[in-house]
Amino acid sequence: NRALMSAMPDNIFVIDSQKRIVEHLRGDAAPWQDAGLSVVGLEIAAIFPDVAARQAASRIAAVLETGSPSAFEYRTFSAGGGPQWNECRFVHHGGSRVLAIVRDISERKLAEQRIHRLAFFDPLTGLPNRAHLKDRTEDALKRTERSVALFAIDLDRFKRINDTLGSGIGEHQCEDV
């Protein structure tokens, strides 16, 4: 069982009701591991940034009280200075202990950002597209009881430019507008 868990890239911690780390099953390298430090016996603030430590403490208390699993995501910065997103899942581990599973979800977050960009922005101009406009307009209408004005631009005979001069010229014309 321990061999299986240590083969996972996740960092797995057993945490007691006092929010102290009782056991750490090493996963992918974390800053304290690079320095050869042990986190066993330390409070959870040793592995979480301030805001995430407070959120983790409340999740741990809830899991111990209800027995229901809980999870949250938080952002830190990697050793290289870039953003690193983590997901932390908590499950009851018998008695007054909780199992915390911390996973690096940075690649998933980057993929989500790329998907959002492709869904809501024109790849040529970088401007918001029709789906983005519709989404924002619906949000604006939900937030107000007053009238909302919308200004739209239509390029007459734009298809003729694309058809006669080629899509490359049409794209340049669109960028200029």
Side-chain angles (χ1 to χ4, degrees), residues 1-123 126 128-129 131-144:
N1 195 16
R2 184 175 294 274
L4 175 65
M5 292 175 78
S6 66
M8 296 172 58
D10 306 330
N11 276 287
I12 302 168
F13 303 91
V14 177
I15 301 172
D16 67 16
S17 61
Q18 301 303 309
K19 319 299 187 290
R20 290 198 180 278
I21 300 164
V22 177
E23 189 176 354
H24 174 218
L25 301 172
R26 187 178 178 129
D28 275 351
W32 63 85
Q33 294 168 339
D34 293 341
L37 303 173
S38 172
V39 293
V40 173
L42 299 177
E43 293 185 4
I44 59 172
I47 60 170
F48 292 107
D50 290 341
V51 173
R54 288 191 296 275
Q55 195 169 13
S58 71
R59 301 290 176 119
I60 290 167
V63 168
L64 288 171
E65 183 179 319
T66 66
S68 297
S70 184
F72 74 101
E73 296 175 357
Y74 64 96
R75 188 177 76 166
T76 60
F77 292 93
S78 67
Q84 177 178 327
W85 282 94
N86 295 296
E87 174 187 70
C88 186
R89 295 186 169 274
F90 298 100
V91 293
H92 193 254
H93 191 57
S96 61
R97 292 188 173 181
V98 170
L99 195 65
I101 304 163
V102 180
R103 173 174 288 177
D104 182 343
I105 58 168
S106 299
E107 287 183 27
R108 185 185 88 197
K109 285 293 195 179
L110 286 173
E112 288 171 0
Q113 289 172 354
R114 282 191 298 271
I115 290 167
H116 181 269
R117 184 112 186 116
L118 290 169
F120 290 107
F121 292 89
D122 179 77
N129 64 15
H132 191 261
L133 173 67
K134 182 179 183 277
D135 188 52
R136 290 291 173 96
T137 303
E138 288 173 356
D139 284 348
L141 291 172
K142 288 178 188 173
R143 289 192 313 261
T144 186

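No experiment lies behind these values; they were computed from the predicted model shown.
- Summarising the geometry, atom NE2 belonging to H92 is positioned 12.0 Å from atom CD1 belonging to I60; distances are rounded to the nearest 0.5 Å.
- Salt-bridge formation is detected for the pair R20/E43: a Lys NZ or Arg NE/NH1/NH2 atom is positioned less than 4.0 Å from an Asp or Glu carboxylate oxygen.
- A heavy-atom distance below 4.5 Å is found between the side chains of V91 and P69.
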(message) Between K109 and E73, does the side-chain contact (heavy atoms from CB on, under 4.5 Å) criterion hold? Intermediate values first, please.
(response) CA-CA 10 Å; K109 285 293 195 179; E73 296 175 357; 2.8 Å; yes

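- At least one donor-acceptor pair closer than 3.5 Å links the side chain of R59 to the backbone N or O of A71.
- The aromatic rings of F48 and Y74 sit perpendicular to each other, their planes meeting at more than 60°, with 30° as the lower class boundary.
- How far CG of N129 is from CZ of R117: 10.0 Å, rounded to the nearest 0.5 Å.
- The side-chain heavy atoms of D135 and H132, taken from C-beta on, include no pair separated by under 4.5 Å.
- The CD atom of Q84 sits 11.0 Å away from atom CD of E107, with the distance rounded to the nearest 0.5 Å.
- Nearest heavy-atom pair across A56 and I44 is CB-CD1, 3.9 Å.
- At least one side-chain heavy atom of I12 sits less than 4.5 Å from a side-chain heavy atom of L99.
- V22 places a side-chain heavy atom less than 4.5 Å from the side chain of R97.
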(request) Apply side-chain contact (heavy atoms from CB on, under 4.5 Å) to I105 and N86, showing your working. (result) CA-CA 5 Å; I105 58 168; N86 295 296; 5.5 Å; no

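- Between A100 and I15, the closest heavy-atom pair is CB-CD1, 3.7 Å.
- Salt bridge present: R108 and E112 bring a charged side-chain N and a carboxylate O closer than 4.0 Å.
- Not a single donor-acceptor pair under 3.5 Å links the side chain of T144 to the backbone N or O of L141.
- Looking at heavy atoms from C-beta onward, H93 lies in side-chain contact with V14 at the 4.5 angstrom threshold.
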(request) Determine, step by step, whether F13 and I101 satisfy the side-chain contact (heavy atoms from CB on, under 4.5 Å) criterion, reporting the C-alpha distance in whole Å, the side-chain angles of both residues, the deciding distance to 0.1 Å, and the verdict. (result) CA-CA 6 Å; F13 303 91; I101 304 163; over 6 Å; no

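- Listed here is the closest heavy atom pair of V63 and S70: CG2-CB, 3.8 Å.
- The shortest distance between side-chain heavy atoms of P49 and F77 does not fall below 4.5 Å.
- Between L133 and T137, the closest heavy-atom pair is O-OG1, 2.7 Å.
- Of the charged side-chain nitrogens involved, at least one lies within less than 4.0 Å of a carboxylate oxygen, so that E87 and R89 count as a salt-bridged pair.
- For the atom pair CZ (R103) and SG (C88), the distance works out to 11.5 Å, reported to the nearest 0.5 Å.
- Between S58 atom OG and F90 atom CZ the span is 8.5 Å, to the nearest 0.5 Å.
- Rounding to the nearest 0.5 angstrom, the gap separating the OG atom in S106 from the CH2 atom in W85 is 9.0 Å.
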